[in-house]
There are 2 protein chains.
Amino acid sequence: MENLVREKRVALGMTQDELSLMLDVSRQTIISLEKGRYNPSITLAFKLAKLFQCTIEEIFIYEEE
Amino acid sequence: MENLVREKRVALGMTQDELSLMLDVSRQTIISLEKGRYNPSITLAFKLAKLFQCTIEEIFIYEEE
DNA sequence: AAAGTATGTCAAGCTCACTTTACATTTATC
DNA sequence: GATAAATGTAAAGTGAGCTTGACATACTTT
């Protein structure tokens, strides 16, 4: 699943560390997410959507199987 | 996290078994989801949104911590 | 060049989403 | 009331999301 986490984070002028603190996750989680190593939990997706003030669908691009 | 899976499924006249087959998950997953026993993966949330022709946010209601 | 900030890798461990199987209970229909 | 369909519970196992910690590699700035 593709995502625009890095783009949205940079657009807000935040570091990975700052983002991780605001979302209450580890920095590793942000790194791995941005690198596309795994999909977020739906809870983390909701947290990101709230922080970025957009929908989950605007951050994560779902391509079937 | 609250969700409207049961309501949307029933609105389509589907059984839990039929829904599980269409989503390619186990029937147990549907039961547990509807009972609110755990949150779906973001992948399953996307599958449900596609099948129900709505957004993830229209199915799952996020309340913070 | 040295020091600090930001980003990255690696590895081990934990939790929970999801599976499978087997059986119980409810709801409908004959 | 018997039978079947739909929904439910219980329990053990697997895999992925996420954590922690330690260390490596840029990129700045002084």
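Residue numbers begin at 1 in each chain, while the letters A, B, ... track the order of the sequences.
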A/I61: partners by side-chain contact (heavy atoms from CB on, under 4.5 Å), with sequence neighbours left out: A/E2

Hey, what are the protein-to-nucleotides 10-14 of chain D N/O distances that come in under 3.5 Å?
| from | atom 1 | to | atom 2 | distance (Å) |
| --- | --- | --- | --- | --- |
| D/dA10 | N6 | B/Q28 | NE2 | 3.3 |

Length of the line joining B/M1:CE and C/dC16:P, which is rounded to integer Å: 14 Å

Spacing of B/L19 atom CG relative to C/dC18 atom P, expressed in whole Å: 13 Å

Cluster link A/V5 to A/L23, ILVMFWY, side chain under 4.5 Å: yes

Integer-rounded Å distance: C/dA17 P and B/L23 CG: 17 Å

B/L19/B/L51 under side-chain contact (heavy atoms from CB on, under 4.5 Å): CA gap, chis, key distance, verdict: CA-CA 9 Å; B/L19 181 58; B/L51 183 59; 3.3 Å; yes

Nucleotide C/dC18, atom P - distance to CD of B/E34 in whole Å: 14 Å

Sequence-distant partners of A/K35, salt bridge (charged side-chain N to carboxylate O under 4.0 Å, His left out), two or more places apart: none

Nucleotide D/dA16, atom P - distance to CG of A/L44 in whole Å: 18 Å

Out of C/dC18, D/dT19, D/dG17, whichever nucleotide has its closest atom nearest the side chain of A/S26: D/dT19

For A/M1, side-chain contact (heavy atoms from CB on, under 4.5 Å) partners two or more places apart: A/N39, A/F60, A/Y62, B/I42, B/T43, B/F46

Could you list all N or O pairs between the protein and nucleotides 27-30 of chain D that sit under 3.5 Å apart?
none

Protein-nucleotide distance (B/Y38, atom OH; D/dT9, atom P), rounded to Å: 12 Å

Sequence-distant partners of B/E34, side chain to side chain donor-acceptor pair (under 3.5 Å), two or more places apart: B/R6, B/R9, B/Q16

Exercise: identify the closest heavy-atom pair between B/M14 and B/E18: CA-OE1, 3.3 Å

Non-neighbouring partners of B/S26 that pass side chain to side chain donor-acceptor pair (under 3.5 Å), sequence neighbours left out: B/T29

Interface with DNA chain D, restricted to residues 48-61 of chain A and to heavy atoms under 4.0 Å: none

Heavy-atom side-chain contact between B/L33 and B/V25 under 4.5 Å: no

Distance, rounded to the nearest Å, where B/I30 contributes CD1 and C/dA17 contributes C1': 13 Å

Output one line per pair: protein atom, nucleotide atom from nucleotides 5-7 of chain C, and distance, for all N/O pairs under 3.5 Å.
| from | atom 1 | to | atom 2 | distance (Å) |
| --- | --- | --- | --- | --- |
| C/dT7 | OP1 | A/R9 | NH1 | 3.1 |
| C/dT7 | OP2 | A/Q16 | N | 2.8 |

Distance, rounded to the nearest Å, where B/R37 contributes CZ and D/dT9 contributes P: 4 Å

Qualifying ring-ring contact (aromatic ring centres under 6.0 Å, His included) pairs, either residue in residues 5-45 of chain A, two or more places apart: none

Stepwise side-chain contact (heavy atoms from CB on, under 4.5 Å) test for A/L48 and A/K8: CA-CA 10 Å; A/L48 281 160; A/K8 300 234 177 219; over 6 Å; no

OP1 or OP2 of D/dA16 under 4.0 Å from side-chain N/O of A/S41: no

Under 3.5 Å, which donor-acceptor pairs do the side chains of residues 52-59 of chain B form with other protein atoms, sequence neighbours left out?
| from | atom 1 | to | atom 2 | distance (Å) |
| --- | --- | --- | --- | --- |
| B/T55 | OG1 | B/E58 | N | 3.2 |
| B/E57 | OE2 | A/I56 | N | 2.8 |
| B/E58 | OE1 | B/T55 | N | 3.0 |

Connected via hydrophobic side-chain network under 4.5 Å: A/L21 and A/V10: no

Side chain to side chain donor-acceptor pair (under 3.5 Å) involving B/R27 - partner list, sequence neighbours excluded: none

